[in-house]
2 protein chains.
Amino acid sequence: MVTRDDVARHAGVSVAVVSYVVNNKNNVREETRRKVLQAIEELGYNPNMAARSLKTKKTNQIGVLFNNLGNSFETGISLGLEQRARQHDQSLIFQTYVPSEEHKLKAIFTGRTDGLILMGQSLKPETIEHFSKFGIPLLSVMKPVHEHAYMGSIDIPWFAAMCELVEHLKSLGHRQIGFMANTVHDHYHHARFLLFRQAMEAAGLEFQQQSLLQSGGTLESAYERMSRRIQASPELPFTAIVCAGDLMAIGVLSACKDCGLSVPADLSIAGCEDILMTSHTTPTLTTIHYPRKEIGYKAVDAIMAQINGADAPADTGFGYELIVRHSTAKPKQ
Amino acid sequence: MVTRDDVARHAGVSVAVVSYVVNNKNNVREETRRKVLQAIEELGYNPNMAARSLKTKKTNQIGVLFNNLGNSFETGISLGLEQRARQHDQSLIFQTYVPSEEHKLKAIFTGRTDGLILMGQSLKPETIEHFSKFGIPLLSVMKPVHEHAYMGSIDIPWFAAMCELVEHLKSLGHRQIGFMANTVHDHYHHARFLLFRQAMEAAGLEFQQQSLLQSGGTLESAYERMSRRIQASPELPFTAIVCAGDLMAIGVLSACKDCGLSVPADLSIAGCEDILMTSHTTPTLTTIHYPRKEIGYKAVDAIMAQINGADAPADTGFGYELIVRHSTAKPKQ
DNA sequence: TTGTAAGCGTTATCAA
DNA sequence: TTGATAACGCTTACAA
């Protein structure tokens with residue numbers, strides 16, 4: 001490995017000068033700079049990030065905590081994160097959140113990450129306090145079910161969005177509306193569910209606990225859950241169902257198809273997120289658009305600001321949009 | 001920040017002993033170990049990764065180079081990577097490959113990564129040699145168009161797979177078969193295209209250059225490209241089309257739908273990869289199954305072996321499978 | 001404008 | 001079984 005010492009020797013200057021050049025200090029004579037640059041070039045020198053981090057206490061790395069790397073909603077957010085991080089010269093280090101291994105996060109990220117971006121996870125207070133103590137800012141894309149003062153969040157106003165969706169279904173004539181979510185582990189689906197229920201109430205509709213279908217959050221588990229439900233009794237207690245995520249909505253749609261239920265005639269389906277595939281299913285899916293890339297940008301900007309001393313934001317001012325497509329219509333009878 | 005010195009002072013031992021305990025050396029008296037462990041607990045100590053890396057020259061990080069984080073094929077592979085990396089106590093650091101910024105990779109990964117996993121990119125020889133010089137192993141999931149001795153690869157036997165797909169279409173009665181790919185930047189689609197052309201030849205079918213449709217590799221760009229093609233002239237020079245990636249196949253399918261072409265009656269469509277959505281389109285898509293997760297596992301195992309001194313693998317022994325669904329059938333007339 | 005040297009938090013060698 | 005202490009490669013006062 002070629003180090004800064006090698007460059008200094010090769011260029012016939014001191015190690016400090018090499019640092020000055022590498023870090024673009026403006027106190028180096030032009031001729032010296034050229035000499036150093038040439039030595040760097042000839043030797044193929046690149047500064048060792050670990051050494052630099054140790055000294056500067058900046059890692060230029062941001063941790064990102066996924067729930068599921070296979071979920072295109074989450075990777076869609078990370079698309080925005082990655083683009084903006086690149087502009088800030090930050091690297092992203094991805095981890096999947098495994099509740100039973102939460103304690104490992106401290107070891108993984110300490111001294112390796114300047115900040116941590118979550119996707120709606122409700123970390124244990126103890127974990128949050130650890131990062132707080134080390135001055136590593138935490139920021140969640142999507143408001144977690146359990147909030148914490150140290151952790152800011154960026155999200156869309158889900159209550160307003162859910163109200164609009166419920167109103168849409170109500171105006172079509174639906175009174176009984178089901179919901180499918182992964183509410184275990186205080187998943188962000190859970191947060192959406194709570195707000196949906198409030199929206200139902202605000203619309204003067206009653207939500208029946210039996211109309212909450214639990215699934216693992218994936219397309220497959222939603223398919224499996226819905227198939228079971230239909231097979232148990234084709235008489236559903238609702239004429240429309242809202243899914244906390246689009247993947248689940250697609251799974252529900254497929255289950256209906258395979259079980260002989262016609263969408264939207266027999267059942268209206270709506271999702272959340274507006275992932276790409278929702279406009280390529282048959283029928284296309286009604287959903288709430290979540291501006292993934294923009295929120296990704298915003299998240300990186302915000303955490304960079306926090307790293308540089310700003311306060312944690314609590315921003316739910318982002319625009320959503322109710323996208324009405326062909327999976328929702330008047331109920332049959 | 002609480003350091004090893006703090007722990008040593010708190011426990012009344014020397015810093016060395018703390019290291020011994022943290023690294024599970026077996027030369028510490030049980031009582032001393034307990035004392036140290038307790039101090040660690042009380043202080044909330046976690047070793048600083050940067051310092052450790054500097055000393056040990058191991059970063060416990062593996063770089064992963066995406067072409068497109070929004071492509072569910074690539075994130076599907078990373079699902080396997082992440083799971084297996086976790087078992088090896090490695091963290092993954094994700095970057096999107098931007099050809100014009102290839103030179104930055106050296107700075108980003110040097111001294112920060114023990115190895116680098118690519119997704120079929122053809123890096124410049126100069127870049128590869130840099131990593132070679134620093135002893136950072138390179139491993140590609142998918143054989144790149146331009147290979148290099150220092151970089152191993154893991155892949156399925158695409159030629160055999162393409163032969164099987166072409167035979168399937170031929171047996172249905174197709175003679176003219178089109179192909180859609182993103183062949184710029186020596187993308188992995190390009191490699192698939194070259195093998196497809198050879199498979200056509202092996203099947204005694206002629207491939208016409210005009211039947212190669214270029215697209216950006218995304219669903220949207222494929223949709224756009226196919227729509228333009230149909231609008232230019234609904235008389236297509238082929239009765240079936242193979243897409244180098246499933247996302248493109250879905251885009252082509254949607255374009256046909258919107259332009260009034262019936263699939264598979266007017267046009268048969270096949271994809272590659274077997275991403276989740278291919279079994280949820282209407283009609284469902286014929287495709288080549290790529291064992292993403294298993295290859296992800298294998299890739300991490302292989303690069304760990306290389307980090308520990310093994311040779312670069314060149315493994316194309318992985319099983320693929322031709323999945324025949326409803327998007328391919330006999331041509332009309 | 002350049003050089004010297006202290007120190008970042010570790011690991012590891014060598015003595016004690 | 002433990003403790004000093006010298007690296008690791010870098011940044012940054014401070015001195016020259």
Side-chain angles (χ1 to χ4, degrees), chain A residues 1-37 39-40 43-61 106-107 109-114 133-136, chain B residues 1-37 39-40 43-61 106-107 109-114 133-136:
Chain A
M1 166 171 335
V2 25
T3 74
R4 190 213 37 183
D5 289 45
D6 300 325
V7 175
R9 207 172 310 116
H10 194 82
V13 299
S14 82
V15 291
V17 175
V18 177
S19 262
Y20 298 149
V21 171
V22 167
N23 296 304
N24 283 313
K25 305 286 181 198
N26 50 8
N27 60 340
V28 184
R29 209 201 315 160
E30 192 48 43
E31 191 195 324
T32 316
R33 173 189 306 278
R34 270 214 336 279
K35 235 173 22 188
V36 173
L37 251 20
I40 289 177
L43 265 39
Y45 166 75
N46 272 98
N48 179 308
M49 292 314 218
R52 181 178 283 183
S53 294
L54 180 57
K55 185 64 188 173
T56 61
K57 308 202 163 309
K58 283 262 166 279
T59 63
N60 296 309
Q61 297 196 136
K106 296 184 279 190
F109 287 121
T110 304
R112 173 169 279 181
T113 257
D114 298 331
K133 192 159 81 183
F134 279 78
I136 298 177
Chain B
M1 168 170 332
V2 26
T3 75
R4 192 214 35 188
D5 289 45
D6 300 325
V7 176
R9 205 172 309 117
H10 194 83
V13 299
S14 81
V15 291
V17 175
V18 178
S19 261
Y20 299 148
V21 171
V22 167
N23 296 304
N24 283 312
K25 305 287 183 199
N26 49 7
N27 60 340
V28 184
R29 208 198 320 160
E30 192 47 43
E31 189 195 324
T32 316
R33 176 189 304 279
R34 272 214 336 280
K35 236 173 25 188
V36 172
L37 250 20
I40 288 177
L43 265 40
Y45 166 75
N46 272 97
N48 180 307
M49 292 314 222
R52 179 177 286 183
S53 294
L54 179 58
K55 185 62 189 176
T56 61
K57 310 208 163 304
K58 283 262 168 281
T59 63
N60 297 309
Q61 298 196 133
K106 298 185 278 192
F109 287 120
T110 303
R112 172 167 281 182
T113 255
D114 298 332
K133 193 159 80 182
F134 278 78
I136 298 177

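Here is the naming used below: chain letters follow the sequence lines, and residue numbers restart at 1 for every chain. Excluded from the calculations below are hydrogen atoms, water molecules and symmetry mates; all remaining heavy atoms, backbone and side chain alike, are included.
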Any side-chain heavy atom of [X] within less than 4.5 Å of one from [Y]?
X: B/His10; Y: B/Val2; value: no
X: B/Tyr20; Y: B/Asn27; value: yes
X: A/Asn48; Y: A/Thr3; value: no
X: A/Gln61; Y: B/Arg112; value: yes
X: B/Lys35; Y: B/Val21; value: no

| task | Determine the contact category for A/Val22: base if any of its heavy atoms lies under 4.0 Å from a base atom, sugar-phosphate if only primed atoms, P, OP1 or OP2 are that close, otherwise nothing. | result |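 Here A/Val22 touches no strand at all.
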| request: Remember a base hit wins even if backbone is also touched, and classify A/Ser53 as base, sugar-phosphate or nothing at under 4.0 Å, heavy atoms. | output: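 Counting heavy atoms under 4.0 Å across all strands, no contact is made by A/Ser53.
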Calculate the interatomic distance between [X] atom [atom1] and [N] atom [atom2]; express it in whole Å.
X: A/Met1; N: D/dG9; atom1: CE; atom2: C1'; value: 9 Å
X: A/Arg4; N: D/dT11; atom1: CZ; atom2: P; value: 7 Å
X: B/Lys58; N: C/dA12; atom1: NZ; atom2: C1'; value: 16 Å
X: B/Asn24; N: C/dT11; atom1: CG; atom2: C1'; value: 15 Å
X: B/Phe134; N: D/dC8; atom1: CZ; atom2: P; value: 16 Å
X: A/Asn23; N: D/dC10; atom1: CG; atom2: P; value: 10 Å
X: A/Asn48; N: C/dC8; atom1: CG; atom2: P; value: 18 Å
X: A/Asn46; N: D/dC10; atom1: CG; atom2: P; value: 10 Å

| task | Work out which heavy atom in B/Val22 is nearest to a heavy atom in B/Ile40; give both atom names and the distance. | result |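 Closest pair (atom of B/Val22, atom of B/Ile40, distance): CG2-CD1, 3.9 Å.
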From the list [options], which nucleotide is the closest neighbour of the side chain of [X]?
X: A/Tyr45; options: D/dC10, C/dT10, D/dT1; answer: D/dC10
X: B/Lys57; options: C/dT4, D/dC8, C/dG3; answer: D/dC8
X: A/Val28; options: C/dG9, C/dT2, C/dT4; answer: C/dT2
X: B/Ala16; options: C/dT10, D/dA4, D/dT2; answer: D/dA4

[N] phosphate, OP1 or OP2, under 4.0 Å from [X] side-chain N/O:
X: A/Arg29; N: C/dT2; answer: yes
X: A/Thr3; N: D/dG9; answer: no
X: B/Ser19; N: C/dT10; answer: no
X: B/Lys25; N: D/dT1; answer: no

| message | Once hydrogens and angles are ignored, does a donor-acceptor distance under 3.5 Å link the base of C/dA12 to the side chain of B/Lys55? | response |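 Counting by modelled atom types and ignoring angles, no donor-acceptor contact under 3.5 Å is found here.
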| Side-chain donor/acceptor of A/Tyr20 to base of C/dG3, under 3.5 Å |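 Counting by modelled atom types and ignoring angles, a donor-acceptor contact under 3.5 Å is found here.
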| B/Leu54 or B/Val17, whichever maps to the more 5' nucleotide of DNA chain D |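 The residue whose closest nucleotide sits nearer the 5' end is B/Val17.
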